[in-house]
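Remember, predicted model here, so these are calculated numbers, not experimental data.
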Amino acid sequence: APDGPIAVPVDDDPDAVERVVRAGYAAGSTELRLDSPGGLSAEQERALQRVGRGLTGVAIGEREDGATVRTLVDPGEVSVRQSVRQLQYVALSMHRDALAALDGAGMADPGDRDDQADRLYALVERHLTRGLARLEEVDALGLDRSELFELWATARELERVADHAERVARTAAELDAGGSGPVGDIDDLACRARAVVEDAVGLVVDGRGLEAAHEVLRARDRVRDEGEALDRRLFEAEGVDYRLARVLDSVVRTAEHGGNIAEVGLQRALRRERADAPAPST
């Protein structure tokens, strides 16, 4: 995660500009020089502005022979825990609204919240990368490396929850479904899947104990089992839109991502138990 400027030659592909900037941000660079002898095209400039808006703390300066991308994030002013909590809120609110749209009780469009989820995850990923390379980064964040990795792993799963919410929202926009029958059953299961995610995040962020982790994993298993049973009912029922199975899959996968977070929380709880255990007598 170098702090000096990194010079990167760019070709005429606007997508390549976006990929390079995102990669440099994730890699922890503080200054990225995009070199293009003839200057950036209008499409490249639009791509650069678009990716800049999607990343926290990025400032873009244009040059005749390219552009300079600086990242102005002070780790001493960042709370990674709060970023993860915020990502949880965004992902679960997207999920809740997507299911409400399926039920005919809300709008399916997630708006700019998916971009917000991506922005929060990118910030956490950046701090992980820099923290692995620099002890001063970890010190400034007020975390140790194990904690930073656990928070990043949690953020990664939450970003996937947001992706499933977007998938449900797209499906809801295609359907004209009411709130009875299988839709109501799916919505009930989705509420419990979101509870798995929320409780799992608490394991990591708040440091809850072993039994709490086991309970979250048992709740994940119940959602998984009931999802399989509901999937069989959808398959056997007549007149059920096959796209509801796609929604059900996203709901069950949401609980699975919560379970992955709970596994991280379980490991954290075991690590704390080991640290608190008395040293063996000699």
Passes salt bridge (Lys or Arg N to Asp or Glu O under 4.0 Å), Arg220 versus Asp199? Steps please.
CA-CA 11 Å; Arg220 183 273 315 272; Asp199 291 343; over 6 Å; no
Verify whether one side chain among Arg46 and Gln49 offers a donor that lies under 3.5 Å from an acceptor in the other.
no
Would you check if Thr71 and Arg126 make a side-chain contact, meaning some heavy-atom pair closer than 4.5 Å?
yes
Hey, is CD on Glu211 packed in by over 12 heavy atoms from elsewhere, all under 6.0 Å?
yes
I want to check something: taking the side chain as every heavy atom from C-beta on, are Val205 and Val84 in contact at a cut-off of under 4.5 Å?
yes
Kindly check if the number of other-residue, nucleotide or ligand heavy atoms within 6.0 Å of CZ (Arg253) is above 12?
no
Test applied, side-chain contact (heavy atoms from CB on, under 4.5 Å); reference residue, Leu217; option that passes from Leu266, Val196, Leu203
Leu266
In a check of side-chain contact (heavy atoms from CB on, under 4.5 Å) between Val161 and each of Ile261, Val90, Leu87, Thr254, which one passes?
Thr254
Can you list the steps and then say if Arg85 with Gln82 is a side-chain hydrogen bond (donor to acceptor under 3.5 Å, both in side chains)?
CA-CA 5 Å; Arg85 277 294 194 194; Gln82 184 59 35; over 6 Å; no
Just do the side chain to side chain contact (heavy atoms under 4.5 Å, CB included) check on Tyr25 and Thr56 with the steps written out, would you?
CA-CA 10 Å; Tyr25 187 88; Thr56 300; 3.7 Å; yes
Quick check: are there more than 12 heavy atoms from other residues, nucleotides or ligands sitting under 6.0 Å from CD of Glu215?
yes
In short, Leu123 meets Ser83 closest at the heavy-atom pair CD2-OG, 4.0 Å
Pair Arg218 + Asp221: basic N to acidic O under 4.0 Å
no
Are Arg268 and Glu147 packed together at the side-chain level, in the sense that at least one heavy-atom pair is separated by less than 4.5 angstrom?
yes
When you look at Val247 and Val183, which way does the side chain to side chain contact (heavy atoms under 4.5 Å, CB included) test go after all the steps?
CA-CA 9 Å; Val247 173; Val183 172; over 6 Å; no
Please name the residue in the list Val51, Val58, Ile60 that meets the side-chain contact (heavy atoms from CB on, under 4.5 Å) test with Val21.
Val51
Apply the test salt bridge (Lys or Arg N to Asp or Glu O under 4.0 Å) to residues Arg222 and Asp225: give CA-CA distance (whole Å), side-chain angles for both, the deciding distance (0.1 Å), then the verdict.
CA-CA 5 Å; Arg222 289 192 293 270; Asp225 293 343; over 6 Å; no
For the pair Leu99 and Arg194, evaluate side chain to side chain contact (heavy atoms under 4.5 Å, CB included) and give the outcome as yes or no after the intermediate values.
CA-CA 11 Å; Leu99 267 296; Arg194 290 193 296 271; 4.2 Å; yes
With heavy-atom distances below 4.5 Å as the criterion, would you say the side chains of His164 and Glu256 are in contact?
no
Which of these, Asp163, Asp118, Asp97, sits in a salt bridge (Lys or Arg N to Asp or Glu O under 4.0 Å) with Arg113?
Asp97
Nearest atoms (heavy-atom pairs only) where Ala165 meets Ala98:
O-CB, 3.4 Å
Is it true that Arg63 and Asp35 have a side-chain N and a carboxylate O under 4.0 angstrom from each other?
yes
More than 12 heavy atoms of other residues, nucleotides or ligands under 6.0 Å from CD of Glu62: is that the case?
no
Are Leu244 and Leu102 side-chain neighbours, meaning at least one heavy-atom pair lies under 4.5 Å?
yes
Are the charged groups of Asp115 and Arg53 less than 4.0 angstrom apart, N to O?
no
Non-hydrogen side-chain atoms of Leu248 and Asp185 separated by less than 4.5 Å
no
Validation row: Glu31, Thr68 side chains within 4.5 angstrom (heavy atoms):
yes
Spatial distance of atom CG (Leu128) from atom CZ (Arg130) [nearest 0.5 Å]:
12.0 Å
What is the minimum heavy-atom distance between Ala262 and Ala200, and which atoms define it?
N-CB, 3.7 Å
Can you check whether Glu228 reaches Arg232 side chain to side chain, under 4.5 Å on heavy atoms?
yes
Write down the atom of Val124, the atom of Ala155, and the distance for their closest heavy-atom approach.
CG1-CB, 4.0 Å
Minimum heavy-atom distance Pro5-Arg33, with the two atoms named
CB-CD, 4.3 Å
Heavy atoms of Gly131 and Leu148 approach each other most closely as CA-CD2, 3.9 Å
Where do Gln267 and Leu270 land on the side chain to side chain contact (heavy atoms under 4.5 Å, CB included) test, with the steps shown first?
CA-CA 5 Å; Gln267 295 168 19; Leu270 288 169; 5.6 Å; no
